[in-house]
2 protein chains.
Amino acid sequence: MKDLSGKQAQILEFLREFIEDKDYPPSIRDIQEGCGISSTSVVDYNLRKLEEKQMIRRDREISRGIEVLGARGRRPRVVEIPVLGAIAAGQPIPVPTSDRWASDAEDTVSVTEDMVRGKSNVFALRVKGKSMIEDLIDDGDIVFLEPARSAVDGDKVAVWLKDRGEVTLKRFYHEGNRIRLQPANSTMEPIYSAPDNVEIQGRFVSSFRPAD
Amino acid sequence: MKDLSGKQAQILEFLREFIEDKDYPPSIRDIQEGCGISSTSVVDYNLRKLEEKQMIRRDREISRGIEVLGARGRRPRVVEIPVLGAIAAGQPIPVPTSDRWASDAEDTVSVTEDMVRGKSNVFALRVKGKSMIEDLIDDGDIVFLEPARSAVDGDKVAVWLKDRGEVTLKRFYHEGNRIRLQPANSTMEPIYSAPDNVEIQGRFVSSFRPAD
DNA sequence: GCACCGTCCGAACGCATGTTCGCCGCAACT
DNA sequence: AGTTGCGGCGAACATGCGTTCGGACGGTGC
């Protein structure tokens, strides 16, 4: 069931390379030529075999209707995340109110969908400066956030501190009638603030750190 | 040059959705039906216009030879990174000597190519435990490393400390006739070691932190 | 030997699909 | 009105491409 002949493996490999390269599936005759096969019927024959073995899917009656199945075939869904700007202590970030940022985003980053947990409307911020290093966020990191106005205890959120006039990323805790913003490092003291002084901008989804 | 008529925008949108959905480009008649156009020649006419405007690329004489260009069209190249295992203080990591790990990798992660800088043979490790939190690497993080046996000053490398019997991620500095492994946090002291006691496993490329 | 089966070959068949061509309606000019 | 250009229409045309069919070649079992 799983093992396939040399020619079938060759065809499968050719399929992957062709699709990767050209962005559309090859025709029967493309495969024929690319694999050095002398007849289209041989290709058809082996494609049927591959289909039986669940390696590919074919849309009959449709030109180039071949689809490679399996982990290497099904391309992971890629989403474009708008990078809205930089976040640094002392500087506000422009937080969108509408849900269409694609136009005013200065930059975008493409990531596989599982990196943002399939959430929608995720946006990204480029971290500037070392000011948040105690939150395990380094200079140059990219943080992915989902829009949020509220948080539950323990959430990592980007909050706008009205009195300080700055945005920071901390863990969020309700504590009596005040808010505790907890850094992730034991050597740092938490920030306490009145609830109406903090304005939640977004909830942490994930982060990425490129090389230096 | 940039603005396109309503019908052209409609066709372009249809192209994207169709390709996203089916994994192969539509035929002229697919577009005709999908956009409610009464003649194939109209589709052809507008496709030529789109091609003039550099919005798409057509492979003449080839069925479904349409390719959407631009940021939203050209899919970012996705590479599969083998996750070789977990890294935690006190435990060695199995570092491959050959360059074919795909078979023995327990897991893989798909990321867009720019996340690993287009480097080849990159592998990934899942961070276990909080033991490296001072290097801005948290529990659950995924670090991407490229195989390396040497490093230049300042590189973040995964090193095997023979005397301690553990692997850790630090910045690497030659300092006289010893090696300094520098954490990224000022409250932590660097580790000094003899050159023959450290064995470099891989060089840090990037890291990713999923949500809690 | 013979029959059977998996694989391959070459050619023909026929639908699917891209391309071309003449014509029309409409708006903006002269 | 006449002209020009753009966008659309429908049909015919030419080719791309999937499919089918008769047959060949090499194993394997009887």
Side-chain angles (χ1 to χ4, degrees), chain A residues 1-69 73, chain B residues 1-69 73:
Chain A
M1 180 71 90
K2 275 290 250 181
D3 39 30
L4 26 80
S5 74
K7 196 154 291 189
Q8 283 159 26
Q10 184 188 10
I11 290 177
L12 200 57
E13 186 55 32
F14 178 79
L15 276 176
R16 290 187 178 122
E17 287 179 5
F18 192 100
I19 294 176
E20 184 67 40
D21 183 34
K22 309 245 190 171
D23 255 20
Y24 52 77
S27 69
I28 297 270
R29 286 172 178 80
D30 286 333
I31 302 174
Q32 177 190 354
E33 194 172 351
C35 294
I37 298 173
S38 52
S39 176
T40 59
S41 56
V42 177
V43 179
D44 183 61
Y45 171 80
N46 285 291
L47 286 180
R48 287 173 189 273
K49 291 293 179 186
L50 285 173
E51 194 175 17
E52 283 176 15
K53 296 175 184 175
Q54 301 279 314
M55 307 298 295
I56 63 172
R57 195 168 63 77
R58 296 179 75 187
D59 281 7
R60 301 310 172 106
E61 310 269 318
I62 288 185
S63 283
R64 299 167 185 272
I66 302 176
E67 194 175 340
V68 179
L69 299 177
Chain B
M1 179 72 91
K2 275 289 250 180
D3 39 28
L4 26 80
S5 73
K7 196 154 293 191
Q8 284 159 25
Q10 184 188 10
I11 290 177
L12 200 57
E13 185 55 30
F14 179 80
L15 277 175
R16 289 185 179 126
E17 288 179 5
F18 193 99
I19 294 176
E20 185 68 39
D21 183 35
K22 309 242 189 171
D23 256 18
Y24 51 76
S27 69
I28 298 274
R29 285 172 177 81
D30 286 334
I31 302 173
Q32 176 189 355
E33 193 171 350
C35 295
I37 299 173
S38 53
S39 175
T40 60
S41 59
V42 178
V43 179
D44 184 63
Y45 171 80
N46 284 290
L47 286 179
R48 288 172 188 275
K49 290 295 181 184
L50 285 173
E51 195 176 16
E52 284 176 14
K53 296 175 183 174
Q54 301 280 312
M55 306 298 293
I56 63 173
R57 194 169 62 78
R58 296 179 76 186
D59 282 8
R60 298 311 173 107
E61 312 266 317
I62 287 183
S63 282
R64 301 168 182 272
I66 303 176
E67 195 176 339
V68 178
L69 299 177

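A note on names: the letters A, B, ... follow the listed sequences, proteins ahead of strands, and every chain is numbered from 1.
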Would you kindly give the [atom1]-to-[atom2] distance between [X] and [N], to the nearest whole Å?
X	N	atom1	atom2	answer
Y24(A)	dT17(C)	OH	P	15 Å
I37(B)	dT17(C)	CD1	P	16 Å
I66(B)	dG18(C)	CD1	C1'	10 Å
Y45(A)	dG10(C)	OH	P	17 Å
Q8(A)	dT7(C)	CD	C1'	10 Å
E33(A)	dG18(D)	CD	P	14 Å
L47(B)	dG7(D)	CG	C1'	14 Å
I62(A)	dG18(D)	CD1	P	11 Å

dC6(D) phosphate, OP1 or OP2, under 4.0 Å from K49(B) side-chain N/O: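 Result: no.
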Any N46(A) side-chain N or O less than 4.0 Å from OP1/OP2 of dG6(C):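 Result: no.
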Counterpart residues, ring-ring contact (aromatic ring centres under 6.0 Å, His included), relative to F18(A) (two or more places apart):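 By the ring-ring contact (aromatic ring centres under 6.0 Å, His included) rule, F18(A) matches F14(A).
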T40(A) side chain reached by I31(A) side chain, heavy atoms, under 4.5 Å: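 No - every pair of side-chain heavy atoms lies 4.5 Å or more apart.
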salt_bridge(R58(B), D44(B)) N-O dist < 4.0 Å: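 A salt bridge links R58(B) with D44(B).
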Interatomic distance, C35(A) atom SG to E13(A) atom CD [nearest 0.5 angstrom]: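 The SG atom of C35(A) sits 9.5 Å away from the CD atom of E13(A).
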Point-to-point distance, once rounded to the nearest 0.5 Å, from CD1 of I11(A) to CD1 of I37(A):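 Taking CD1 in I11(A) and CD1 in I37(A), the distance rounds to 4.0 Å.
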Given E51(A), E67(A), E52(A), the one that forms salt bridge (charged side-chain N to carboxylate O under 4.0 Å, His left out) with R57(A):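 Testing each of E51(A), E67(A), E52(A) against R57(A), the sole residue satisfying salt bridge (charged side-chain N to carboxylate O under 4.0 Å, His left out) is E67(A).
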Out of dG6(C), dG7(D), dG8(D), whichever nucleotide has its closest atom nearest the side chain of S38(B):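 Of all the options, the side chain of S38(B) is nearest to dG8(D).
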B/S/- contact track for nucleotides 19-28 of chain D, protein heavy atom under 4.0 Å: BBB-------
Pairs where residues 28-40 of chain B contributes a residue and the test salt bridge (Lys or Arg N to Asp or Glu O under 4.0 Å) is met, not counting sequence neighbours: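 Sorted result for residues 28-40 of chain B: D30(B)-R64(B).
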